[in-house]
**Q** 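One structure follows; several queries about it will come next.
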Amino acid sequence: MDFDLTQDQREIQALTREFARAEIDPHAAEWDREHHFPRELYGRLAELGLMGVCVPEEYGGGGADFLSYILVLEELSRADAGVGVTVAVHTSAATLPLLAYGTDEQKSRFVPPLARGEQLGAFALTEAEAGSDAGALRTRAEAAGDGWTITGAKQWITNGRHAGTFILFARTDPEIAGARGVSAFILDAEHVRVTRDEEKLGLNSSATNDIVVEGARIGRDRLLHEENRGFRVAMGTLDGGRIGIAAQALGIAQAGYEVAREYAAERRAFGHRIGDFQAIQHKLADMSMEIDATRLLVYRAAWLKQQGRRHTEEGAKAKLFASEMARRQTAEAIQILGGYGYTKEFPVERYYRDAKITEIYEGTSEIQRLVIARSILGMTERSLVVR
Ligand code: CAA
């Protein structure tokens, strides 16, 4: 067992940390306040190779491993979790499934513009009545000539307004209810119309959109993986994506901890620094311990994935623990800062708002528990869903 990062991983971590400290952190409060999507930032991240860091070089990526990508997400999210989710969805939910399930032609055609950051990617699974029960989706793909006509509406699509490529899930077999009649497709921005910009509690520097697809005609070259096997694409993609969200939560919690620790060393009350009081020391000790525990879970899941080993259960555990920890510990950071923590003078209230979503997207905490329970009990799919 080796707990040290490799030289390459350390360099990528340092590069991202440095960039985030100089180019993201100083603007994060303003982007949050103004609900500003920093489109130009992604070109600069691309110049550093960070929009496809774990994509093989032959497809325009950085050729690093999955753990390096996780380190990138952690560092970006430490500065601005909205930037973190934009890169996370672009990479693990849009680019990596093309590599994992695409034909050679699809990989060479669709991956390089994403890996080089010339386009952003999006993942369109969720619908108004298909959130946790993703298999209930109603977007239709009707056979037409040598392809399909796609019609439907998707909700809460990260990057929707800015994406050039969408991995979109639609029902190809209307006779089969649930997950089995679903296929995955590769759509372009021109197939999609954005109908709404979502207003959110946090993550205000990221874009979350409702989109519609209105009779888009596509050929067979746009089918990702086999027909009616698209739900496997969705689930396999989310297995890896959840590790990314865990890294995002970890980065947010780390940021909250650092502000709280610094504040405790300076703020004085009752004639002492508040860090001299045991009540504050215990909070900081718990924060540090829980962040360490999370980091081990997250890096283990990433390592399993890059070894090509099963990581469904470990990714769900990492995401569940990281997200609940981030929500809990960013609240503690506010508590340590007291009244200041509740104001916009310090960033911890933003961290708290941003942390909350990590318990919801890419599978709620309840769904992560379901995934873990199925795995540890050796239960077959659907057997833990009460119908
Ligand atoms: N890997 C590969 N395939 C898998 C799989 C996995 N981890 N888990 C299930 N499957 C396959 C099954 O084998 C089955 O395939 P076959 O039909 O070919 O046998 C198929 O998927 C259906 O599986 P289930 O019977 O388990 O399906 P279910 O209806 O019981 O649903 C669920 C399972 C876990 C509840 C699933 O619906 C789920 O994960 N829900 C949460 C959805 C979610 O995470 N949405 C996130 C949206 S994206 C997002 O948030 C991005 C963002 O913006 C940040």
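For ligands, and for the atoms within them, numbers begin at 1 and follow the listed sequence.
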**Q** Indicate yes or no: does an N/O atom of Val85 lie under 3.5 Å from an N/O atom of ligand 1?
**A** no
**Q** Which atoms of ligand 1 have any heavy atom of Phe123 under 4.0 Å away?
**A** 48 (S)
**Q** Is any side-chain N of the basic residue among Glu332 and Arg328 closer than 4.0 Å to the acidic one's carboxylate O?
**A** no
**Q** Judged by non-hydrogen atoms, does Gly178 sit under 4.0 Å from ligand 1?
**A** no
**Q** Please tell me if the side chains of Asp221 and Gln106 come closer than 4.5 Å, counting only heavy atoms from C-beta onward.
**A** no
**Q** Under 4.0 Å, counting heavy atoms only: does Gly131 come that close to any atom of ligand 1?
**A** yes
**Q** When you measure from atom 45 (N) of ligand 1 to each heavy atom in Leu238, Ile367, Thr358, which option holds the nearest one?
**A** Leu238
**Q** Quick one: does Arg232 get an N or O within less than 3.5 Å of an N or O on ligand 1?
**A** yes
**Q** Any atoms of ligand 1 less than 4.0 Å from a non-hydrogen atom of Phe231? List them with their elements.
**A** 20 (C), 21 (O), 22 (C), 27 (O), 37 (O)
**Q** Taking 4.0 Å as the limit for heavy-atom contacts, which would you say applies to Thr208 with ligand 1: side chain only, backbone only, both, or neither?
**A** neither
**Q** Report, as yes or no, whether the 6.0 Å neighbourhood of atom CZ on Arg138 holds more than 12 heavy atoms from other residues, nucleotides or ligands.
**A** no
**Q** Less than 3.5 Å apart, any donor N or O on the side chain of Arg10 or Gln7 sitting next to an acceptor on the other?
**A** yes
**Q** Tell me whether the count of non-hydrogen atoms from other residues, nucleotides or ligands lying under 6.0 Å of CZ in Phe166 goes above 12.
**A** yes
**Q** Please determine whether a side-chain nitrogen of the Lys or Arg among Glu226 and Arg232 lies less than 4.0 Å from a carboxylate oxygen of the Asp or Glu.
**A** no
**Q** Assess whether a salt bridge exists between Glu75 and Arg78, defined as any Lys/Arg side-chain N lying under 4.0 Å from an Asp/Glu carboxylate O.
**A** yes
**Q** Hey, what's the ring geometry for His36 with Trp31, parallel, tilted or perpendicular (30° and 60° as the breaks)?
**A** tilted
**Q** Check each atom of ligand 1 against the heavy atoms of Arg229 and keep those under 4.0 Å away; list them by number with element.
**A** 18 (O)
**Q** Short list, please: which atoms of ligand 1 are under 4.0 Å from a heavy atom of Ala179?
**A** 22 (C)
**Q** For ligand 1, which atoms have a heavy atom of Thr312 less than 4.0 angstrom away?
**A** 7 (N)
**Q** For atom CZ of Phe277, is the number of surrounding heavy atoms from other residues, nucleotides or ligands below 6.0 Å larger than 12?
**A** yes
**Q** What do you reckon, does Arg242 have a nitrogen or oxygen under 3.5 Å from a nitrogen or oxygen of ligand 1?
**A** yes
**Q** Counting from 1, what ligand 1 atoms have a heavy atom of Arg180 closer than 4.0 Å?
**A** 16 (P), 17 (O), 19 (O)
**Q** Who's closest to atom 6 (C) of ligand 1 heavy-atom-wise, of Met235, Glu366, Gln248?
**A** Met235
**Q** Report, as yes or no, whether the 6.0 Å neighbourhood of atom CD on Gln306 holds more than 12 heavy atoms from other residues, nucleotides or ligands.
**A** yes
**Q** Going by the atom numbers of ligand 1, which of them fall below 4.0 Å from some non-hydrogen atom of Val89?
**A** 52 (C), 54 (C)
**Q** Is the contact between Glu362 and ligand 1 made by the side chain, the backbone, both, or neither, using heavy atoms and a 4.0 Å cut-off?
**A** both
**Q** Flag yes if more than 12 heavy atoms outside Glu199 fall under 6.0 Å of its CD atom; otherwise flag no.
**A** no
**Q** Does Gly236 reach ligand 1, in the sense of a heavy atom lying below 4.0 Å from it?
**A** yes
**Q** For Asp239, take its heavy atoms, then give the atoms of ligand 1 lying under 4.0 Å from any of them.
**A** 1 (N), 6 (C), 7 (N)
**Q** Is there a nitrogen or oxygen of Thr126 sitting under 3.5 Å from a nitrogen or oxygen of ligand 1?
**A** no
**Q** Evaluate whether atom CD of Glu40 has more than 12 neighbouring non-hydrogen atoms of other residues, nucleotides or ligands under 6.0 angstrom away.
**A** yes
